[in-house]
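A, B, ... follow the sequence lines: proteins, then strands. Residue 1 opens every chain. Remember, predicted model here, so these are calculated numbers, not experimental data.
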Amino acid sequence: MKIKDEITGNMNELPGSGQVMKVYVCGPTVYDSPHLGHLRTYVAFDAMVKYLRHRGVEVFYVQNITDIDDKIINRALELKEDPMELSRQYTEKYMDAMKYAGINSISLYAKATTHIKDIINQIKRLEKKEYTYKLPDGVYFRVWMLKNYGRLRSQEASQQKQGTRATVSDLKEDPRDFALWKFRKDGEPSWRSPWGEGRPGWHVEDTAIALSIFGRKFHLHGAGRDLVFPHNEAELSIMTALKNDPEVCGSWIYTGILKINGEKMSKSLKNFISVEELMEKYSGEESRYAFLSSNYSSEMDFSWEMMEEARKNTSYIQTAYLRLAESKEKGAKIDITAFRKQLYDALEADFNTREAISVIMQLSREIIKNAPLENGSAMKAAKLLKDANTFLGIIPIREAGEIKDSTINSLIRLREDLRNKKMFKESDSVRNALKDSGIILEDGVNGTTWKRE
RNA sequence: GGAUAGGUGGCAGAGACGUUAUGCGUGGGACUGCAGAUCCCAUUUACUAGGGUUCAAAUCCCUACCUAUCCUCCA
């Protein structure tokens, strides 16, 4: 698969079948409930990793969880709670959100607080190379020593100074320098370090986790586009300083910002919709459909209309999938191979899920229009839809319920009989009874079909 | 102000020189005991504006306008 790298703008070829691939994605800071912006990003990476695995790549996917941070401490102070307890609660909420959307491809969740040793070791190594200096409030990274700072997003040093207030950070050698270790203030959680009690800065957390787990190099670094600067630029700086290797990470890729009414969905603008709210109204499949309906890297504007569209279309695809069961020997033939090729071509080129979904829609249309299909076509079509669903996760393929198919079919025949005798009250009660068990009957041109709710 | 990404039909959203994207919505029709589902037809030259390059431009180049993101809180 080819993917667009943010640093070079090139289409980088990712590892192929049989190869191992190491992926790191910036996780959330757990100080509040996850919202749809988070979900959009993590659905995209989940689908991508699953697709690569589907193609035979052995993906090792690590995501961090920032469970110690200024935001967490401030929030805890506000609520008069213990910061660590607060982050534990929101980590749980975050996991619920992931579960809801079927995001289960992460090989390892790494909490910052369980990697304090790795973080300290990394700062020590930076210190040895003279990339650090100490100020009254913490240990800082020395940006000017790095020749190629600003590869992700260059920020002029002169610009930075404008408007900064007289604080301790004004003591920094360069305004672009950032904290690696923050010294403890009263009542804050802290850990011992060679420089004094304190806690890690945000940027080293990720690099320490990534490099301690992956070793020398990894293939892909993902995040939401709002993290390009300063976070990812700082990460890149740290890793470049440590490894003397500008290619520590092969590709840097970004998901587009999720907007609502034309503006970024964010906590500070108070325009966010929580995953919890979405969960009440729409299924995980519907949400995935909606988020995968646009390219991972482009901005998207959230709306409830878009969710309604997702609901209709996932149901349409499901209907198509279920109608494959009525295949027969002399049914219609469909060239599934052509659809398969279109689908994979779209995904191989920068993981174009929008195009992939449109292929699925076209295939569904062909299936429904021509059902019942000839056995071979139906089998191939079912295989293709199932394959696509292993990474898209948009078709609600439920496990068979308690009612056996044979029972349903005999009830359908019974109802048919009643309808022919114009006993509609009785036939409707059969239909209602099935509905209570989650079976929906639909009278079509060629008789009655059913599907599970 | 600077950096970056964009501006495609009523809406969402692909495409990246020459061939119908796709879907939603809307209107009409078919089917029907009712529901729902499905099908058919229409929405008959949509590509921000103005220049240029080309046999050919939504696609390449220039200019302008507009929008969003980031510029040490952010997925």
Side-chain angles (χ1 to χ4, degrees), chain A residues 6 9 25-29 31-32 34-45 63 66 69-71 74 94 150 152-156 158-160 162-164 169 172 175-179 201-203 222-231 233-234 254-259 262-269 272 289-290 293-295 297-303 305-306 308-313 315-316 319-320 323 342 346 352-362 364-365 368-369 371 419 422-425 427-428 431-432 435 440-446 448-449 451:
Chain A
E6 185 88 1
V25 172
C26 284
T29 301
Y31 73 103
D32 205 343
H35 62 68
L36 303 188
H38 300 104
L39 200 63
R40 193 260 162 118
T41 292
Y42 299 127
V43 164
F45 287 117
Q63 194 180 102
T66 300
D69 182 74
D70 292 0
K71 292 206 155 196
N74 292 340
Y94 172 72
L152 266 168
R153 177 70 52 78
S154 79
Q155 298 293 329
E156 295 296 323
S158 56
Q159 244 177 272
Q160 305 273 322
Q162 293 172 1
T164 49
S169 63
K172 290 196 291 189
R176 299 172 299 180
D177 292 349
F178 51 87
W202 182 31
H203 313 310
R225 180 154 269 117
D226 51 350
L227 295 191
V228 175
F229 191 90
H231 184 53
E233 187 63 51
Y254 292 93
T255 53
I257 289 304
L258 183 75
K259 300 190 289 184
E263 279 191 315
K264 181 181 173 182
M265 186 179 285
S266 75
K267 304 252 157 91
S268 41
L269 288 168
F272 64 91
Y289 181 100
S293 278
S294 97
N295 253 0
S297 65
S298 37
E299 290 179 344
M300 76 186 293
D301 213 328
F302 179 84
S303 67
E305 290 75 48
M306 149 188 146
E308 278 305 306
E309 191 179 324
R311 170 160 287 171
K312 284 194 176 139
N313 292 355
S315 150
Y316 189 82
T319 303
R323 296 212 61 184
Q342 265 188 62
N352 191 339
T353 51
R354 175 64 209 192
E355 182 112 37
I357 283 178
S358 111
V359 173
I360 301 279
M361 284 305 292
Q362 285 176 66
S364 301
R365 192 181 179 78
I368 290 170
K369 246 166 104 168
R419 288 176 72 208
K422 307 252 180 224
M423 296 165 72
F424 296 123
K425 237 185 184 174
S427 71
D428 282 352
R431 182 168 64 188
N432 289 335
K435 194 181 178 213
I440 310 268
L441 296 192
E442 282 162 0
D443 301 329
V445 190
N446 301 315
T448 304
T449 58
K451 64 178 180 187

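One C1' atom belongs to B:C17, the other to B:G1, and the distance between them is 37 Å to the nearest Å. Separation of the C1' atoms belonging to B:G13 and B:C47 is 13 Å when rounded to the nearest angstrom. The gap from the P atom of B:A58 to that of B:G9 amounts to 14 Å, rounded to the nearest Å. Here the separation of B:G52 from B:C73, taken at their C1' atoms, is 46 Å to the nearest Å. Taking atom P in both B:G18 and B:C40, the straight-line distance is 28 Å, to the nearest Å. Taking the C1' atoms as reference points, B:C31 lies 9 Å from B:U38, given to the whole Å. The C1' atoms of B:G27 and B:G7 are separated by 30 Å, rounded to the nearest whole Å. Taking the P atoms as reference points, B:C24 lies 30 Å from B:A68, given to the whole Å.
Note on A:Asn352: only backbone sugar-phosphate atoms sit closer than 4.0 angstrom, heavy atoms only; bases stay farther off. The residue A:Tyr42 sits close only to the backbone: its heavy atoms come under 4.0 Å of sugar-phosphate atoms, none of a base. Nucleic acid contact class of A:Asp226 (heavy atoms, under 4.0 Å, all strands): base. Residue contacts shown for A:Asp443 include a base, since a base heavy atom lies under 4.0 Å away. A:Arg419 comes within 4.0 angstrom of a nucleotide base, judged by non-hydrogen atoms across all strands. At the heavy-atom level, A:Leu441 lies under 4.0 Å from base atoms of the strands shown. The residue A:Ser427 sits close to a base: some heavy atom pair falls under 4.0 Å. In this structure, A:Leu258 reaches the bases: a heavy-atom distance under 4.0 Å links it to at least one base atom across the strands shown. Contact annotation for A:Ser294: backbone-only contact, meaning every heavy-atom pair under 4.0 Å involves sugar-phosphate atoms and none involves a base. Contact annotation for A:Lys259: backbone-only contact, meaning every heavy-atom pair under 4.0 Å involves sugar-phosphate atoms and none involves a base. The residue A:Met423 sits apart from the nucleic acid: no heavy atom pair falls under 4.0 Å. Within 4.0 Å of A:Arg354, counting heavy atoms only, lies at least one base atom of the nucleic acid. Contact annotation for A:Phe424: base contact, defined as any heavy-atom pair under 4.0 Å involving a base atom. Nucleic acid contact for A:Gly262: sugar-phosphate only, since backbone atoms but no base atoms lie under 4.0 Å from a heavy atom of the residue.
Of the listed nucleotides (B:U38, B:A75, B:A37), B:U38 has the atom at the smallest distance from the side chain of A:Ile368. The side chain of A:Ser358 lies closest to B:U22, out of B:U22, B:A35, B:A75. Considering only side-chain atoms of A:Glu309, the nucleotide from B:A75, B:C24, B:C70 that sits closest is B:C24. The side chain of A:Ile257 approaches B:U69 more closely than any other nucleotide in the set B:A37, B:C34, B:U69. For A:Arg153, the listed nucleotide lying nearest its side chain is B:C70; candidates were B:C73, B:C34, B:C70.
Closest heavy-atom contact between A:Asn295 and A:Asn352: OD1-OD1, 3.1 Å. Between A:Asp301 and A:Met306 the shortest heavy-atom distance is O-SD, 3.7 Å.
Taking side-chain N and O atoms only, A:Arg365 has a distance below 4.0 Å to OP1 or OP2 of B:C40. Under 4.0 angstrom from either OP1 or OP2 of B:C39 there lies at least one side-chain N or O belonging to A:Tyr316. OP1 and OP2 of B:G36 both lie 4.0 Å or more from every side-chain N or O belonging to A:Lys435. Residue A:Ser298 places at least one side-chain N or O under 4.0 Å from the OP1 or OP2 atom of B:A14.
Evaluation of the ring-ring contact (aromatic ring centres under 6.0 Å, His included) rule for A:Tyr316 yields no partner, not counting sequence neighbours. A:Ser293 meets the side chain to side chain contact (heavy atoms under 4.5 Å, CB included) test with A:Tyr289, A:Arg354, A:Ile357; sequence neighbours excluded.
Between the P atom of B:C73 and the NZ atom of A:Lys71 lies a distance of 8 Å, rounded to the nearest Å. A:Leu269 places its CG atom 14 Å from the P atom of B:A75, with the value rounded to the nearest Å. Atom NZ in A:Lys264 sits roughly 14 Å away from atom P in B:A68 (whole-Å rounding). Taking atom NZ of A:Lys312 as the reference point, atom P of B:C11 lies 18 Å away to the nearest angstrom. If you measure from atom CG of A:Leu36 to atom P of B:A75, you get 14 Å, rounded to the nearest angstrom. Rounded to an integer number of Å, the gap from CZ of A:Phe229 to C1' of B:A5 is 18 Å. Rounded to a whole Å, the CD atom of A:Gln63 is 9 Å from the C1' atom of B:A75. Across the protein-nucleic acid pair, A:Ile360 atom CD1 and B:C24 atom P stand 15 Å apart, rounded to whole Å.
Under the 4.0 Å criterion applied to side-chain N and carboxylate O atoms, A:Arg225 and A:Glu6 are assigned as salt-bridge partners. A salt bridge links A:Arg431 with A:Asp428; the closest basic N to acidic carboxylate O contact falls under 4.0 Å.
Below 30°, between 30° and 60°, or above 60°: for A:Tyr42 and A:His38 the angle between ring planes is below 30°, a parallel geometry.
Mapping A:Met361 and A:Arg431 onto RNA chain B by nearest heavy atom places A:Met361 closer to the 5' end of the strand. Toward the 5' end of RNA chain B, the nearer of the two residues A:Ser315 and A:His203, judged by each one's closest nucleotide, is A:Ser315.
In the model, A:Thr29 has no side-chain atom that pairs as donor or acceptor with a side-chain atom of A:Asp69 under 3.5 Å.
Taken from OG1 in A:Thr448 to CG in A:Asp443, the straight-line distance is 4.0 Å, to the nearest 0.5 Å.
Put simply, the side chain of A:Phe272 does not reach to within 4.5 Å of the side chain of A:Phe302, judged on heavy atoms.
The backbone N or O of A:Gly150 sits less than 3.5 Å from a side-chain atom of A:Glu233, completing a donor-acceptor pair.
With pairs defined as Watson-Crick or G-U wobble and both atom distances under 3.5 Å, the stems of at least three pairs that touch RNA chain B come out as B:1-7 with B:65-71, B:10-12 with B:22-24, B:25-30 with B:38-43, B:48-52 with B:60-64.
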